Amino acid sequence: MIAATATATEMQNNFGRYLNLVMSGYEVIVTKNGKEIGRFIPKEATVSYLTDSLIGILKGDYDLDKEKAERLIEKNGPID
């Protein structure tokens, strides 16, 4: 996917232009103070974007309760 970059101010002042880019298939990366804060992507790309971000998490057997418990321990320490 082809990407364009815009500052938050540029996005605010030229929203129609960036909306047209997204409608044409472009991804628009929005920055503020030099840091990426968000992305606008075409609707058709949302499912692909989500599934691509989950690759590796859902491979093989996945035990949701076990994952939750492990993350709670990582965050809060072991429960005595």
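Just so it is clear, the structure is predicted and the values come from calculations on it, not from any experiment.
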Open item on the list: Tell me every residue that passes side-chain contact (heavy atoms from CB on, under 4.5 Å) with E70, counting only those two or more places apart in sequence or in another chain.
Closed with: K66, E67

TODO: Would you mind listing the cluster partners of V22? Hydrophobic ones only (ILVMFWY), side-chain contacts under 4.5 Å, chaining allowed.
DONE: I2, M11, F15, Y18, L19, L21, M23, Y26, V28, V30, I37, F40

Task: Gap separating the CD atom of Q12 from the OG1 atom of T7, nearest 0.5 angstrom - done: 9.5 Å

Open item on the list: Within this structure, what is the OG1-CD distance for the pair T31 and E36, rounded to the nearest 0.5 Å?
Closed with: 8.5 Å

